[in-house]
Amino acid sequence: MGKSALRIEKTGPTQYDHPLMSDTTATPTGGRVPEKPALEGLEAKWSPRWETEGVYRFDRNSPRDRVYAIDTPPPTVSGSLHVGHVFSYTHTDVIARYQRMCGKAVFYPMGWDDNGLPTERRVQNYYGVRCDPSLPFDPTFEPPDKPGKQAISVSRPNFIALCERLTVEDEKAFEALWRQLGLSVDWSMTYATISRASQRVSQQAFLNLLRKDRAYQLEAPTLWDIDFRTAVAQAELEDREQPGAYHKLQFSRSEAGDGGVIEIETTRPELLPACVALVAHPDDERYQPLFGTLVTTPLFKAPVPILAHPLASPDKGTGVAMICTFGDLTDVIWWRELSLPVRAIVLPNGTLRQVAWGGAGWESRDAASAQAAYDQLASLSLTKARARIVELLRASSEMVGEPRPITHAVKFYEKGDRPLEIITSRQWFIRTLPFREQLLERGRELQWHPPYMRARFENWVGGLNGDWCVSRQRFFGVPFPVWYRLDANGQPDYASPLLPDDAQLPMDPSTDVPAGYTAAQRGQANGFMGDPDIMDTWATSSLTPQIVSGWGVDPALFAQVFPMALRPQAHDIIRTWLFSTVLRAELEHDSLPWAHAAISGWVLDPDRKKMSKSKGNVVTPAGLLDEHGSDAVRYWAASGGPGVDTAFDPAQMKVGRRLAIKLLNASKFILAGDLPLEAAPRSLAGGQPVTSALDRGMLTNLAVLVADVTGALDDYDYAKALQRTEAFFWDFCDNYVELVKARRYGDAKVGGATVAEGQASAQAALRTALETLLRLFAPYLPFATEEVWSWWREGSVHHAAWPTPADVLAGLGGLPDSEAQRGYERAQTLSAEVRRQKAAQKVSQKTRVTTLRWAVPAEWITEVRAIEADAKGALHIDTIELTEGGNGEVTLTLEPPPEAPAGSPPDVPGRTPA
RNA sequence: GGGCGGUUAGCUCAGUGGUAGAGCCCCGGUUUUACACACCGGUUGUCGCAGGUUCGAACCCUGCACCGCCCACCA
């Protein structure tokens, strides 16, 4: 990656003040390195400064090929963020920070999903209100301080005002938490999915689809939540295990007239009045003779045919199923493919409607008794109707035995509390089925991290069984920008809706008036009416790339950032958000919305279950950040690799905290001291040569690390990059720093050519390493690294250039030194052996070694000589006697302790395997 | 029923053909002038099972088991 090109484009004081390449003068360190560095307070110190100095501002002048645009997930503003959010948003932030340091103009907005049911529900509970669209707007309405026992009914405009009031408060709290976590978001670019800008994009995109016949409306059986009283989409279903019971019912073989019966089993006896046919498998020999004949339903005596269809399973129940309109999705398929009539009995509120038996569509061989039975069910809820009809069936002896309890999977709306019903209603759909192949192709173009997540997308696309139902019978959302003419009888003409001009958007058909009409004609015969529905929240969320890119209002921005670079999200919403976003970009722009998708795993609780919201609320993210520090929590989050479900683990946060503290302390050591600053290089590239083998070996290792870590991050493997950097850093502290200490202090016994030269080499290497490590850690530990950076550098580490191996090797003449690398390794081996022998002898590590005999292979000699002085200084060795030809055995002669009892052996042999 | 992951030390996890690793935990030691939120040393394994390929397999192939997730079915 060409860093030097970036400098040419530098536009402001905070950009690329890269000491590796610029002539920035190191700031004198005197007094700026704290006596006792601490993590406490770093978040409060740096978050506001980053904001004031615009460190994360997007550069609108950047050319497109230098832009890295992130399509951030807008969290649902329905109360509180949980640990899972902290986890996945940290992943994105690490990538954003890395890209920024690589010289990219990072486009990193933050959105809030305040559109939709969760907000409605929260507003209802928070203020104790309920929306009643029939009420007029009350400009003086104020909610009570505390919600009362009885919900207050308010108009739709009043309700929406409350939604907006509450979400503004929630969004403030969310932003504060994100700032504390250190997300490098450009906070001048926030958006909300209910904002006018989002509504405009959403309505514009819808109208475009409508004009291209990629959206349509249809009266059709639709998945319906009776509590929310709205249609829901296939993507929003989930299965839940529910108790149920098989009821065995007897249908009489009326045409045969032999008094015979056919038995079926059903878990939904209350739908018996809606039965329109029985069905069995075409190959089922038991029923083949009966196909096409009529049977009579229990209680209602309706004549219904027995039909054949391959979806019927001979081995389920009695092999015959009752088809009702509609009990489940299979009923819908049978109804459609067998061209059956509709007998709808369930109202949108989940009660049974009134029916006149004997009338058209409600044929009965005994209308009077059918009516008598049905009247006992009408207006009951489904649950009550089930209990009642069981009593009736029992009384008429048309149920065999007692209901047999079972547990079975039932479809629920994912946010719902009662099973979904299927109700026929007029809904808007976006065509998806015709585009399945194209979508699969886009899925193959998209770069998935980790790659195997693509399978979930393909699985979902392959399993689609209908177009996308996007209309919802709710209040708080984006309205369909459509009116309908009313005919002379006041009936709407759905076939040719009235559309607004694009310039009118966003609009609300319940208050805006179509061209050529007056407000007074609303709802009047020969007048007009607005479409009463709103769009599914995903119908707007699927356009986040267009919303943030200024589609339709800011062509320059759109060209600069769309298609975007990255969609980060969790794997559970591949079928919803990722899928729908790819679909909308395909339908609108014939392109992918982004080049990469980075899929995060879940946070699991210690039982390996998905961390639930209730648990997330017990462990509040803010509390976590306060307790462990943001860098520590980020460390834990970043250690969960792409796509990997990760245990919630405070122990890992403690490890991260130790790492951040260690970084502060190691930095203090490297930067402090009474060395004149002139002894240190002003910048790495122009710095003094690194001459000592130990230093050269360490820096060569560091250059290898930089290449390794950069490769991992380019591959979105932030977890591996962190792990490698961390391992290097601890080794650097425990081995290199310990070995180099004496020389750096200017101990005359361990000088190289001269004491000053050895000292300068150490100082140059230490600072090069520190500078490099700070940059490598900056995406993960933004607070600690920024703090240290500020002790000795100008500007923000978060705009420092990502290091390259060449940067690190500048003091080595730009070339790796493999002999020095081996020397460094010998020094570590020797160090470990001396420590081990001292520990085994239970003497202090400070105990002087008067003589150390080291038998080394011939080829080691040069390497070992080069680090001999450093080893002597660090390990308290007076004399090292090298003998050639051994396998690396080390023999120590220890100085006897002053108070040692007479006769204790001074000579301690030891061995080291070569 | 289909698909995708996973199975390595007590725990959390690295490790894609060449002598099984890290951190945490545990045990012992050290207050050494960056850090006791530290350091040093030590203990710890049928790499889920069974076959196969290979000079050599935690790793590649086949089958199986178990765990998790996604999808489908749910009369």
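Here the structure is a predicted model, which is why all the values come from computation and not from measurement. Every chain is numbered from 1, with letters handed out A, B, ... down the list of sequences.
- In this structure, Arg404(A) fails the cation-pi test against Tyr246(A), since its NZ or CZ atom is not both closer than 6.0 Å to the six-membered ring centre and inside 45 degrees of the ring normal.
- Atom pair Phe579(A):CZ and rC70(B):C1' shows a separation of 15 Å (rounding to whole Å applied).
- With a 3.5 Å ceiling on both atom-pair distances, rC47(B) lacks any Watson-Crick or G-U wobble partner.
- Partner assigned to rU30(B) is rA38(B), using Watson-Crick or G-U wobble distances below 3.5 angstrom.
- Closest to the side chain of Arg456(A), from the set rC39(B), rC69(B), rA36(B), is rC69(B).
- A distance below 6.0 Å separates the ring centres of Trp448(A) and Phe457(A).
- Rounded to whole Å, the distance from CD on Gln841(A) to C1' on rG42(B) is 15 Å.
- Put simply, CG on Asn459(A) is 5 Å from C1' on rC71(B), counting in whole angstrom units.
- Look at rC59(B): it lacks any Watson-Crick or wobble partner with both distances under 3.5 angstrom.
- With C1' as the reference atom, rU30(B) and rU8(B) are 33 Å apart, rounded to whole Å.
- With rounding to whole Å, Glu458(A) atom CD is found 14 Å from rG2(B) atom C1'.
- Here rC73(B) presents its C1' atom at 11 Å from CD1 of Ile333(A), a figure rounded to the nearest Å.
- With a cut-off of 3.5 Å on both Watson-Crick or G-U wobble distances, the partner of rC73(B) is given as none.
- Here the P atom of nucleotide rC35(B) and the NZ atom of Lys662(A) are 10 Å apart, to the nearest Å.
- When both pairing distances are held under 3.5 Å, rG5(B) makes a Watson-Crick or G-U pair with rC67(B).
- Along RNA chain B, the nucleotide nearest to Ala235(A) and the one nearest to Leu39(A) differ in position, and the one closer to the 5' end is contacted by Leu39(A).
- What separates CH2 of Trp730(A) from C1' of rA38(B) is a distance of 8 Å, to the nearest Å.
- If you check rC37(B), rG15(B), rC24(B) against the side chain of Lys720(A), the one that comes closest is rG15(B).
- Residue His571(A) is the one, among His571(A) and Glu241(A), whose nearest nucleotide of RNA chain B lies closer to the 5' end (criterion: closest heavy atom).
- Distance noted for atom P between rG63(B) and rG3(B): 11 Å (whole Å).
- Here the shortest heavy-atom pairing between Ile422(A) and Val332(A) reads CG2-CG2, 3.9 Å.
- Atom pair Leu659(A):CG and rG23(B):P shows a separation of 13 Å (rounding to whole Å applied).
- In this structure, Phe87(A) and Thr646(A) approach most closely via the heavy-atom pair CZ-OG1, 3.3 Å.
- Closest to the side chain of Trp460(A), out of rC74(B), rA72(B), rG23(B), is rA72(B).
- No hydrogens or angles considered: nothing links the side chains of Glu398(A) and Gln250(A) as a donor-acceptor pair under 3.5 Å.
- Using N1 to N3 plus N6-O4 or O6-N4 for Watson-Crick, or N1-O2 and O6-N3 for G-U wobble, each under 3.5 Å, rU16(B) pairs with nothing.
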